[in-house]
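Each remark here refers to the structure printed beneath this line.
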Amino acid sequence: MQKEPSDLRVLGIESSCDETGVALVRSRPDGVPMLLAHALHSQIDMHQAYGGVVPELASRDHIRRVLPLARQVMQAADCSLRQVDVVAYTRGPGLAGALLVGAAVACALGAGLGKPVLGVHHLEGHLLSPFLSADPPAFPFVALLVSGGHTQLMRVDGVGQYRLLGETIDDAAGEAFDKSAKLMGLPYPGGPALSRLAQQGDPAAFRLPRPLLHSGNLDFSFAGLKTAVMVQARKLVAAHGLAEGLALDQAMRQLPATTRADLAASTEAAIVEVLVKKSVAAMAHAGLARLVVAGGVGANRLLRQQLGEAMAHRGVRVHYPELDLCTDNGAMIALAGAMRLQSGRQQASTEYAFDVRPRWPLDQITA
Ligand code: KG4
Ligand code: ZN
């Protein structure tokens, strides 16, 4: 018997980058699904030795982790795989090999269980993830998507109704954090490490550029900032007589702790100021009073604090996913699958033929 889309158990599988995530979500008649259980394995320790994600290692590790995580989720939800109604997986964007693991496992599970499957857009998962929080948003809203690969402002009128307002023309905000952190000698992933170091520093210590701050549109650019951080780092290293025979990141590690903290704080302040000012401009442009912030950089404390202050003045409510659902996870994929089915924008398929879309603009998502 075909079940109503308002009463489905959706298993979600995320494997687009360096986190394997699995979750079980149950859709509800009020349209806001409930998270029954989720489990996550981060590959950070494995990639740390290389200073960034190694795609082939990522794919192999997803293969090892995904089924044990699925078992863990089913146990935590006290549910059997037979009770799953739909299997949702991340179809893109992301690393091709890593995506293929999740897609293949989801389709194999679906075929084995005789249940339909659904490919989900990773950013749609991030964007909708605050619906699983204690303070869910309501449509329409503006979304600031800030991850390792994307920096976008979107107008969101409903599930699948996304209009791009502005985006980065080069590096993403997360990339700016990660690349600056790397050249300061901090471990991967640099965002959280840089942010921690910044807490002891003076954000006004170094003058760094705020790219495109007054561009008059809602686009971002972070590549120049990263270069400015590098130039500043070289100056500091030379001023301390550390340049000889050392790579920049090694030399940076030998600087006084306060100097490194000052550079970290100045870098974080520059990134956050641009994100906050562009978000303020986007709210005015869209004429809306709700902002959703999603993606890994949404976990940043300074960003949360400064957005909170700027938006409170303007009567705008800011919604975030729960902190553990800010970075990649399976819950947002199960959620996006459940919400797409419930909105009637997409049907799950029993063809089990899959492809992945490593590059896939969110506003080109089709029903
Ligand atoms: O959304 P996400 O988990 O993966 C992608 O889809 O990219 O985002 C990861 C990014 C990384 O660049 C990481 O450094 C950044 O989010 N990030 C942070 C923080 N936590 C994660 N950046 C700044 N401050 C943080 N607290
Ligand atoms: Zn992500």
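Order of listing sets the numbers, starting from 1, for every ligand and every atom in it. Owing to the predicted nature of the structure, the values given are computational and were not obtained by experimental measurement. No hydrogens, no waters, no symmetry mates; every other heavy atom, side chains included, goes into these values.
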Checklist entry - Which word best sums up how the rings of His47 and Tyr188 line up, parallel for under 30°, tilted for 30 to 60°, or perpendicular for over 60°? => result perpendicular

Item to check | Cationic tip of Arg155 above Tyr162 ring, under 6.0 Å, 45° of axis | outcome: no

Checklist entry - Under 3.5 Å between some N or O of ligand 1 and some N or O of Gly191? => result yes

Checklist entry - Going by distance only, is there an N or O of His126 that falls short of 3.5 Å from an N or O of ligand 1? => result yes

Checklist entry - Cut-off 3.5 Å, side chains only: do Lys278 and Ser215 have a donor facing an acceptor? => result yes

Item to check | Asp170 and Glu175, any side-chain heavy atoms less than 4.5 Å apart | outcome: no

Next on the checklist: At under 4.0 Å between heavy atoms, is it the side chain or the backbone of His150 that contacts ligand 1, or both, or neither?
Outcome noted: neither

Next on the checklist: Within the 4.0 Å heavy-atom shell around Ala299, which atoms of ligand 1 are there?
Outcome noted: 26 (N)

Item to check | Donor on one side chain, acceptor on other, His41 and Thr20, under 3.5 Å | outcome: no

Item to check | Any side-chain donor near an acceptor of the partner, Asp135 and Ser133, under 3.5 Å | outcome: no

Checklist entry - Between Phe220 and Phe222, what is the ring plane arrangement, given parallel below 30°, perpendicular above 60°, and tilted in between? => result parallel

Next on the checklist: If the threshold is 4.0 Å, N to carboxylate O, is there a salt bridge linking Arg91 and Asp355?
Outcome noted: yes

Checklist entry - Short N/O distance, under 3.5 Å, between Gly148 and ligand 1? => result yes

Item to check | Gly174, any N or O under 3.5 Å of ligand 1 N or O | outcome: yes

Checklist entry - Got the closest protein heavy atom to atom 11 (C) of ligand 1, with its distance? => result Asp178 OD2, 3.5 Å

Next on the checklist: Distance under 4.0 Å to a non-hydrogen atom of Gly149: what atoms of ligand 1 satisfy this?
Outcome noted: 7 (O)

Checklist entry - What atoms in ligand 1 come closer than 4.0 Å to a heavy atom of Ser147? => result 1 (O), 5 (C), 6 (O), 7 (O), 8 (O)

Item to check | Nearest-neighbour protein heavy atom for atom 3 (O) of ligand 1, which is reported as residue plus atom name and distance | outcome: Asp328 N, 3.1 Å

Checklist entry - Is the closest basic N to carboxylate O distance between Asp171 and Lys226 below 4.0 Å? => result yes

Next on the checklist: For distances below 2.8 Å, what is the count of protein N, O or S atoms around the Zn ion (ligand 2)?
Outcome noted: 3

Item to check | Presence of salt bridge, Arg28 and Asp7, under 4.0 angstrom | outcome: no

Next on the checklist: If you measure every N or O of Gly295 against every N or O of ligand 1, does any of those distances drop under 3.5 Å?
Outcome noted: no

Next on the checklist: Under 4.0 Å, heavy-atom basis, I'd like to know which part of His122 is in contact with ligand 1: side chain, backbone, both or neither.
Outcome noted: side chain

Next on the checklist: I need the nearest protein heavy-atom contact for atom 21 (C) of ligand 1: residue, atom name and distance, please.
Outcome noted: Gly296 O, 3.3 Å

Checklist entry - For Asp178 and Lys182, what are the C-alpha separation, side-chain angles and deciding distance, and is it a salt bridge (charged side-chain N to carboxylate O under 4.0 Å, His left out)? => result CA-CA 6 Å; Asp178 293 345; Lys182 194 169 180 179; over 6 Å; no

Next on the checklist: Looking at ligand 1, would Cys17 count as a contact under a 4.0 Å heavy-atom criterion?
Outcome noted: no

Checklist entry - Side chains of Glu14 and Ser16: do they bring a donor and an acceptor to under 3.5 Å? => result yes

Item to check | Identity and distance of the protein heavy atom lying nearest atom 24 (N) of ligand 1 | outcome: Asn300 ND2, 3.0 Å

Next on the checklist: Apply ring pair (Phe, Tyr, Trp, His ring centres under 6.0 Å) to residues Phe354 and Tyr352 and explain how you reach the verdict.
Outcome noted: CA-CA 6 Å; Phe354 58 86; Tyr352 310 119; over 10 Å; no

Checklist outcome for this item: Quick note on ligand 1: atoms under 4.0 Å from a heavy atom of Thr327 include exactly 3 (O)

Checklist entry - Hey, are Glu268 and Asn300 close enough side-chain-wise for a donor-acceptor pair under 3.5 Å? => result yes

